[in-house]
Asker: 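My questions all concern the structure below.
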Amino acid sequence: MLSFDLRSLETTAARVDADLAPDDPIWEEADSKPDEPVHVEGRLSAAGDGKFYFSGHIRGSVEMPCRRCLEPVRASVSEEAHFIFAESGSEEAEDPDVYLFDPHAQKLDIRPAVRESWLLSAPAFLECREDCKGLCATCGTDLNKGSCSCVPVSTDSRWDALRKLGSKS
């Protein structure tokens with residue numbers, strides 16, 4: 001559960017130990033979604049009038065194709081998370097690091113903050129290994145599994161001056 005009763009939070013801190021599922025509606029289509037639930041663990045407490053503070057940890061994993069050869073690659077994501085929540089209309093409303101909530105709300109939903117933290121922590125791309133040779137640009141053969149019989153493509157002579165500079169270093 002990543003939604004908390006605001007009235008009880010004003011008097012008692014809440015221990016957070018819950019998961020955000022990969023099929024939760026908070027995720028958007030273009031997001032780098034986790035391939036398993038994101039585990040959220042920490043403490044959510046009052047931080048003044050109409051303000052709350054979360055301190056904890058998020059962890060999960062993401063699977064995506066290698067950016068060179070398109071083989072599936074999995075990576076772990078683990079990040080410390082610190083969120084500040086404030087009522088909209090408060091003086092903190094202009095701070096881009098503060099998550100706003102409706103002052104008339106009865107619950108505080110921390111899923112948007114968890115989603116944003118995940119998106120900032122998850123890799124934008126992955127490689128299966130450092131020396132991945134990728135795919136042949138002509139026929140699409142995976143060059144990690146062997147070579148192809150394609151004829152090397154001739155290069156554009158307009159780039160020769162830059163090639164000469166690169167070979168001098």
Side-chain angles (χ1 to χ4, degrees), residues 1-135 140 142-145:
M1 176 176 92
L2 295 171
S3 184
F4 301 88
D5 184 308
L6 285 170
R7 286 177 287 169
S8 66
L9 279 177
E10 290 173 354
T11 58
T12 308
R15 175 157 165 62
V16 179
D17 191 5
D19 292 328
L20 180 58
D23 61 350
D24 191 285
I26 196 74
W27 301 108
E28 295 179 12
E29 189 174 334
D31 288 351
S32 178
K33 294 179 191 165
D35 64 342
E36 63 183 29
V38 175
H39 188 71
V40 183
E41 190 173 276
R43 184 173 188 259
L44 180 62
S45 59
D49 192 31
K51 296 178 208 133
F52 300 93
Y53 177 69
F54 171 83
S55 177
H57 200 86
I58 65 167
R59 70 177 178 274
S61 67
V62 62
E63 186 175 300
M64 60 181 67
C66 170
R67 69 184 266 177
R68 293 183 182 171
C69 69
L70 303 178
E71 288 294 318
V73 182
R74 187 176 183 158
S76 295
V77 176
S78 182
E79 192 72 31
E80 281 194 38
H82 303 278
F83 311 132
I84 298 172
F85 300 91
E87 294 177 346
S88 51
S90 67
E91 56 189 58
E92 289 85 6
E94 299 301 316
D95 188 339
D97 294 329
V98 173
Y99 296 92
L100 302 176
F101 64 93
D102 182 352
H104 304 294
Q106 295 179 7
K107 298 255 182 203
L108 176 63
D109 184 5
I110 68 169
R111 293 176 313 143
V114 171
R115 174 188 168 266
E116 184 175 317
S117 183
W118 171 266
L119 293 175
L120 292 171
S121 303
F125 59 85
L126 292 172
E127 292 177 358
C128 62
R129 60 182 196 249
E130 226 176 276
D131 64 340
C132 178
K133 296 176 183 175
L135 303 175
D142 185 347
L143 299 175
N144 295 313
K145 296 178 182 174

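Atom set for the values below is all heavy atoms of this structure, side chains included, hydrogens, waters and symmetry mates excluded.
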Asker: Test side-chain contact (heavy atoms from CB on, under 4.5 Å) on Phe4 and Val16; report intermediate values, then the result.
Answerer: CA-CA 9 Å; Phe4 301 88; Val16 179; 3.5 Å; yes
Asker: To check you understand the geometry: which heavy-atom pair defines the closest contact between Glu28 and Asp31, and what is its length?
Answerer: N-OD2, 2.7 Å
Asker: Could you report the tightest heavy-atom contact between Asp142 and Gly134, atom names first, then the distance?
Answerer: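 That would be OD1-O, 3.6 Å.
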Asker: Who are the side chain to side chain contact (heavy atoms under 4.5 Å, CB included) partners of Ala81, not counting sequence neighbours?
Answerer: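 Side chain to side chain contact (heavy atoms under 4.5 Å, CB included) list for Ala81, sorted by chain: Phe54, Ile58, Phe83, Ser117.
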Asker: Is Lys133 atom NZ crowded by more than 12 heavy atoms from other residues, nucleotides or ligands, each under 6.0 Å away?
Answerer: no
Asker: Just how far is it from atom OG of Ser45 to atom CZ of Arg15, taken to the nearest 0.5 Å?
Answerer: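 If we round to the nearest 0.5 Å, Ser45:OG and Arg15:CZ are 13.5 Å apart.
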Asker: List the atom of Gly140, the atom of Leu135, and the distance in Å for their closest heavy-atom pair.
Answerer: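 Closest approach of Gly140 to Leu135: O-CD2, 3.7 Å.
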Asker: Give me the atom names and distance for the closest heavy-atom approach of Cys128 to Cys66.
Answerer: N-SG, 3.3 Å
Asker: Distance from Leu6 atom CG to Leu108 atom CG, nearest 0.5 Å?
Answerer: 5.5 Å
Asker: Who are the side chain to side chain donor-acceptor pair (under 3.5 Å) partners of Lys107, not counting sequence neighbours?
Answerer: none
Asker: Quick one, His57 with Ser78, criterion side-chain contact (heavy atoms from CB on, under 4.5 Å). Give me CA distance, side-chain angles, the key distance, then yes/no.
Answerer: CA-CA 7 Å; His57 200 86; Ser78 182; 2.6 Å; yes
Asker: Roughly how far apart are Thr12 OG1 and Glu10 CD, rounded to 0.5 Å?
Answerer: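 One gets 10.5 Å once the value is rounded to the nearest 0.5 Å.
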Asker: Nearest 0.5 Å, what's the CD-SG distance between Glu71 and Cys132?
Answerer: 8.5 Å
Asker: Closest heavy-atom contact between Trp118 and Lys33?
Answerer: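 Heavy atoms only, the tightest pair is NE1-C, 4.2 Å.
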Asker: Evaluate Ser55 against Arg43 for side-chain contact (heavy atoms from CB on, under 4.5 Å), listing each step before the verdict.
Answerer: CA-CA 6 Å; Ser55 177; Arg43 184 173 188 259; 5.5 Å; no
Asker: Give me the one residue out of Leu9, Asp5, Thr11 that meets side-chain contact (heavy atoms from CB on, under 4.5 Å) with Arg7.
Answerer: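 With Arg7 as partner, Leu9, Asp5, Thr11 yield a single side-chain contact (heavy atoms from CB on, under 4.5 Å), made by Asp5.
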Asker: With a 4.5 Å cut-off on side-chain heavy atoms, are His39 and Asp17 touching?
Answerer: yes
Asker: Where do Asn144 and Arg129 land on the side-chain contact (heavy atoms from CB on, under 4.5 Å) test, with the steps shown first?
Answerer: CA-CA 10 Å; Asn144 295 313; Arg129 60 182 196 249; 2.9 Å; yes
Asker: Within a 6.0 Å radius of atom CG on Asp131, are there more than 12 heavy atoms belonging to other residues, nucleotides or ligands?
Answerer: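 It does: Asp131 CG has more than 12 such atoms within range.
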Asker: Below 4.5 Å, heavy atoms only, C-beta onward: do Val77 and Pro34 meet side chain to side chain?
Answerer: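 No; the side chains remain at least 4.5 Å from each other.
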Asker: State which residues pass side chain to side chain contact (heavy atoms under 4.5 Å, CB included) with Ile26; sequence neighbours excluded, sorted by chain then number.
Answerer: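 Residues passing side chain to side chain contact (heavy atoms under 4.5 Å, CB included) with Ile26: Leu20, Asp24, Arg111, Pro112, Arg115.
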Asker: Taking all non-hydrogen atoms of both residues into account, name the closest pair between Phe52 and Ala46 and its distance.
Answerer: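 Nearest pair, atom of Phe52 first, then Ala46: CD2-CA, 3.6 Å.
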Asker: Apply side chain to side chain contact (heavy atoms under 4.5 Å, CB included) to Asp35 and list each qualifying residue two or more places apart in sequence or on a separate chain.
Answerer: Ser61, Glu63, Arg74
Asker: Tell me whether Arg59 contacts the main-chain N or O of Ser76 through its side chain, where contact means a donor paired with an acceptor under 3.5 Å.
Answerer: no
Asker: So which pairs with a foot in residues 80-90 pass salt bridge (Lys or Arg N to Asp or Glu O under 4.0 Å), sequence neighbours left out?
Answerer: none
Asker: Suppose we screen for side chain to side chain donor-acceptor pair (under 3.5 Å). Which residues come up paired with Asp95, at least two apart in sequence or across chains?
Answerer: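 Per chain and number, Asp95 pairs via side chain to side chain donor-acceptor pair (under 3.5 Å) with no residue.
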Asker: When rounded to the nearest 0.5 angstrom, what distance separates CG in Leu100 from OG in Ser90?
Answerer: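 Between atom CG of Leu100 and atom OG of Ser90 there are 6.5 Å.
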